[in-house]
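One structure is given below, encoded as structure tokens.
Throughout, a chain's letter reflects where its sequence line sits, starting with A, and its residues are numbered from 1.
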There are 2 protein chains.
Amino acid sequence: MGRKTGSHSEITGPRVREAALRLIAQHGFAAVSMRQIAAEVGIQAGALYNYTPDKQSLLFDLMQSHMHELLEAREASRTRGDPLEQLEAFVRFHIRFHLPRQRAVFVSYMELRNLAPDNFSKIEQLRTCYEGELQGILDEGHRLGDFEISDSKITTLAIIAMLTGICNWYREDGRLSAAEIEADYWTLVRKSVGIDAAEPMRHRRAV
Amino acid sequence: MGRKTGSHSEITGPRVREAALRLIAQHGFAAVSMRQIAAEVGIQAGALYNYTPDKQSLLFDLMQSHMHELLEAREASRTRGDPLEQLEAFVRFHIRFHLPRQRAVFVSYMELRNLAPDNFSKIEQLRTCYEGELQGILDEGHRLGDFEISDSKITTLAIIAMLTGICNWYREDGRLSAAEIEADYWTLVRKSVGIDAAEPMRHRRAV
DNA sequence: GTCTATAGAATGATAGAC
DNA sequence: GTCTATCATTCTATAGAC
């Protein structure tokens, strides 16, 4: 088997994506050249075009894959339960999904500007779909009288911004463990929908 | 006075900064060329270098100005009062300052990666300084027993992420007015530090 | 599938006329 | 202070050998 020249598509494909994600997260899409990505993989720039028709498609694929993984993982982790339980499940899922994917999160939120209009629309649609998951929980909790919410859309955006913001500072070797962070943010979210820690069962007891 | 050629430094300087801010917010620093900025101002690319030694300095100046304005405005709007009053003042200040500056906020948070290391450190220091304002309020409120907080640093980052996130979706002609948004977010923050709307005076009455 | 080589366009920054 | 012109570099993407 050849080493410096030969066929490695099954290996090289994922490596191109990993290298692109790492470099784009670090420097930004427009600041990263195809030559840099190729060098990171250990191939020449021209060979990249066996794996993507152009630079724009590479970015879009990274972002679309991230959003699809997010939606599929959310689908798989859905639970039954009252709105408070569902809200807790959502918050914990969101943190657990995003923390190990800081680079992909970074790219998916920062490089929207660099998507071609058609690609932008597709990604935005997926994002809206994900936000709908949370908003549905909040609406149901509000309808049942469990949650104290002024505006479910605002609350949705506020919670997601708060949770996703963790990715901007979290480090594996930081002061707090992922479990501690998860607990703290769940407490913040719980309180923000008007559920006091002292009476977490209000709706369930009342009914 | 000449029109197409001549001296216009007092006018052109700010226009260069405005054009750069607008274009960088829209497309990203690395994706915007000096020629594009010049065209937006209505001058030739070479003339830009009367106003900045290089592209990097232009970005740094935009971000540094934004952070200095933020800190000065915060300084000017500081109020006396108990922690709850100070927290409300901070939240309302943050929203009022940021909403009319969506582009500058965007640039200041998204283009950190494109700053040279020295410039990055300076901006980060200013940001840390601003976060300290909020954390100080939370710590004081916690010390007095007014606020129910698990970790003041986490709570600081969560609140700022939540509030700054407004800039990512707010539109002047949107469904909600700035005043409504401000009210909703203040309610969210108030609840997140454990102050129920029904008993906003707990500390003051207890003492 | 990867390489070398290159086309064709764009970039940041500078020099010198006015 | 702005212009024109340009240098030297870099970029995306393609062509063709192996």
- May I have the distance from B:His27 (atom NE2) to C:dT11 (atom C1'), rounded to whole angstrom? 16 Å

- Query: For the residue pair B:His66 and B:Phe97, does the interplanar ring angle fall in the parallel (under 30°), tilted (30 to 60°) or perpendicular (over 60°) class?
  - Reply: tilted

- Item | Nearest-angstrom distance from the residue atom NZ of A:Lys55 to C1' of D:dT14 | 17 Å

- Message: Regarding A:Arg113 and B:Glu111, does a basic nitrogen lie under 4.0 Å from an acidic carboxylate oxygen?
- Response: yes

- Measure from CE on A:Met34 to P on C:dA5 and round the result to the nearest Å. 20 Å

- Message: Could you check whether A:Asp151 pairs with B:Arg175 (Lys NZ or Arg NE/NH1/NH2 to Asp/Glu carboxylate O, under 4.0 Å)?
- Response: yes

- Residue pairs passing the side-chain hydrogen bond (donor to acceptor under 3.5 Å, both in side chains) test where at least one lies in residues 23-47 of chain B, sequence neighbours excluded: B:Arg22-B:Glu40

- How close or far is atom P of D:dA5 from atom CZ of B:Arg35, stated in whole angstroms? 13 Å

- Task: I would like to know whether B:His94 and B:Tyr130 meet ring-ring contact (aromatic ring centres under 6.0 Å, His included); could you show each step before the answer?
- Result: CA-CA 10 Å; B:His94 187 93; B:Tyr130 182 68; 5.6 Å; yes

- Message: Considering every strand and a 4.0 Å limit on heavy-atom distances, what is the contact class for A:Val41: base, sugar-phosphate, or nothing?
- Response: nothing

- Query: Expressed in angstrom and rounded to an integer, what is the separation of B:Asp54 atom CG from C:dT11 atom C1'?
  - Reply: 14 Å

- Query: B:Gln36 side chain: which of D:dC3, C:dA13, C:dT11 is closest?
  - Reply: C:dT11

- Task: Give the rounded distance in Å between these two atoms: CZ of B:Arg15 and P of D:dT2.
- Result: 10 Å

- Please determine if a side-chain N or O atom of B:Thr12 lies less than 4.0 Å away from the OP1 or OP2 oxygen of D:dT2. yes

- In whole angstrom, give the distance that lies between atom CD1 of B:Ile43 and atom P of D:dT4. 12 Å

- Between B:Ser33 and C:dT11, does any side-chain N or O lie under 4.0 Å from OP1 or OP2? yes

- Task: Whole angstrom is fine here: how far is it from CD in B:Gln44 over to P in C:dT11?
- Result: 14 Å

- Are B:Arg92 and B:Phe90 in a cation-pi contact, defined as NZ or CZ under 6.0 Å from the six-membered ring centre and within 45° of the axis? no

- Separation of A:Arg127 CZ from A:Glu124 CD (nearest 0.5 Å): 5.0 Å

- Scan residues 45-52 of chain B against DNA chain C and write down, sorted by residue number, each residue with any heavy atom closer than 4.0 Å; if none is found, say none. B:Gly46, B:Tyr49

